[in-house]
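Written below as C-alpha cells is the structure these notes are about.
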Amino acid sequence: DKLWLKIDGEREEGKLGATRTEALWNHAIATYWGLQTGVRHDFGDGPGRTWAALGVQGLAPYWFEVQATAYVGQGGRTALRFEPEYDLLLTQRLILQPNMKVNLYGKNDPERGIGSGLSDMEAGLRLRYEFSRKFAPYVGVVYNRKFGDTASFARAAGKPVRETRLVGGVRVWF
C-alpha cells in the first residue's frame, strides 16, 4: 500500500495556470500492478473542480509504465486520463523519458475551457538525473495539442491550440 501525491501545474507570465493535484491510495493487485483510488482537485484557470478517482498503474510488457484513471466529478462530469511512459537509461543515473498524456471528458466545461470527447494530448521528452532514486530533477520539452471543443474554447480565448514548452521539475519519492 502506498500514498501517491501528484501535482501537475503550469505557470505563465507570473500567474498560476491550470493545475491538477491528486491524492491516491495505491493497493497492489498483481505483480507490478496497483489499483488506485482517491481524489483530484483542479484549480487555476476557471472555477475549481473536485473529482473522485479510480484507476490502475503498473509496468506493462517491455517495461512501459502505464497509468489509466477514470474520474467522476460534480454535476455529472466524467473524465479519463491515460499516461504511458518509458525510461531509457543513458547511464545508471541519467535517464531519458518519453511520455504521453491523453485526456478525455464526458461533457463540455466552458468555464474551464474543456470540451467533451478527446480534449487534449501531450507528448514529451524529459531528461532527469537521479541523485538517488528518491530525488531526481528533470528538464524537458513538451508538445501539447487541443482537439474538438477544447480547441474552439482556446481559440475563442485567444490561446494557442498547439504549443511547445520547455519544462522543468523535481521527481521526489519518500
Side-chain angles (χ1 to χ4, degrees), residues 2-26 36-55 57 65-85 97-128 134-174:
K2 298 176 186 173
L3 175 65
W4 286 84
L5 299 173
K6 300 179 182 184
I7 301 170
D8 188 10
E10 299 174 1
R11 183 178 170 96
E12 293 182 38
E13 300 172 7
K15 244 176 88 171
L16 183 65
T19 302
R20 178 177 56 104
T21 304
E22 294 184 66
L24 302 171
W25 173 69
N26 186 86
Q36 294 184 331
T37 185
V39 66
R40 163 182 156 183
H41 185 73
D42 298 339
F43 52 96
D45 292 340
R49 301 278 189 240
T50 302
W51 307 78
L54 179 65
Q57 179 173 358
E65 184 76 30
V66 177
Q67 182 175 349
T69 309
Y71 303 95
V72 177
Q74 303 129 316
R77 288 183 173 81
T78 57
L80 179 65
R81 184 175 182 101
F82 178 69
E83 300 179 51
E85 60 187 40
Q97 181 185 63
N99 63 356
M100 183 188 321
K101 296 176 185 173
V102 178
N103 290 300
L104 297 105
Y105 288 88
K107 64 189 212 180
N108 287 343
D109 188 353
E111 289 112 353
R112 292 196 60 85
I114 296 171
S116 63
L118 177 59
S119 173
D120 64 289
M121 183 215 53
E122 181 178 285
L125 196 59
R126 295 181 181 182
L127 181 66
R128 77 175 182 267
K134 297 181 178 186
F135 181 78
Y138 64 84
V139 295
V141 63
V142 173
Y143 172 76
N144 186 287
R145 166 91 161 88
K146 294 173 176 58
F147 299 95
D149 287 340
T150 303
S152 298
F153 291 140
R155 281 187 202 98
K159 295 182 179 179
V161 173
R162 295 182 177 112
E163 62 183 338
T164 302
R165 297 182 310 243
L166 295 175
V167 297
V170 177
R171 184 172 160 167
V172 180
W173 176 31
F174 55 91

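Model, not experiment: these values are computed from the prediction.
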To the closest 0.5 Å, what do you measure between [atom1] ([X]) and [atom2] ([Y])?
| X | Y | atom1 | atom2 | value |
| --- | --- | --- | --- | --- |
| Arg40 | Thr21 | CZ | OG1 | 10.0 Å |
| Asp149 | Leu118 | CG | CG | 11.5 Å |
| Asp8 | Lys101 | CG | NZ | 4.0 Å |
| Arg145 | Met121 | CZ | CE | 8.5 Å |
| Thr150 | Asp120 | OG1 | CG | 6.5 Å |

### Query
What residue pairs, at least two apart or across chains, pass ring-ring contact (aromatic ring centres under 6.0 Å, His included) with a residue in residues 3-25?
Trp25-His27
Residues two or more places apart in sequence or in another chain: which of them pass salt bridge (Lys or Arg N to Asp or Glu O under 4.0 Å) with [X]?
| X | result |
| --- | --- |
| Glu111 | Arg49 |
| Glu22 | Arg20 |
| Lys159 | Asp45 |

Determine the minimum heavy-atom distance between [X] and [Y], stating which atoms define it.
| X | Y | answer |
| --- | --- | --- |
| Pro160 | Ala154 | O-CB, 4.0 Å |
| Ala53 | Leu24 | CB-CD2, 3.8 Å |
| Ala23 | Leu5 | CB-CD2, 3.9 Å |
| Ile114 | Ser119 | CG2-OG, 4.0 Å |

### Message
Do Lys6 and Gln67 pair up side chain to side chain, a donor and an acceptor below 3.5 Å, judged on atom types alone?
### Response
yes
Side chains of residues 164-174: which donor-acceptor partners sit under 3.5 Å, not counting sequence neighbours?
residue: Arg165; atom: NH1; partner: Glu163; partner atom: OE2; Å: 3.3
residue: Arg165; atom: NH2; partner: Glu122; partner atom: OE1; Å: 3.2

### Query
side chain to side chain contact (heavy atoms under 4.5 Å, CB included) with Ala123: which residues, sequence neighbours excluded?
none
## Note on the structure
Residue set satisfying side chain to side chain contact (heavy atoms under 4.5 Å, CB included) with Arg155, at least two apart, ordered chain then number -> Ala151, Ser152, Val161
Distance-only donor-acceptor pairs under 3.5 Å for side chains of residues 73-84, two or more places apart:
residue: Gln74; atom: OE1; partner: Thr50; partner atom: N; Å: 3.3
residue: Arg77; atom: NE; partner: Asp109; partner atom: OD2; Å: 3.3
residue: Arg77; atom: NH1; partner: Gln74; partner atom: O; Å: 3.2
residue: Arg81; atom: NE; partner: Glu83; partner atom: OE2; Å: 2.9
residue: Arg81; atom: NH1; partner: Asn103; partner atom: OD1; Å: 2.9

### Message
Going by side chain to side chain donor-acceptor pair (under 3.5 Å), name the residues that satisfy it together with Asn26, two or more places apart in sequence or in a different chain.
### Response
Gln36
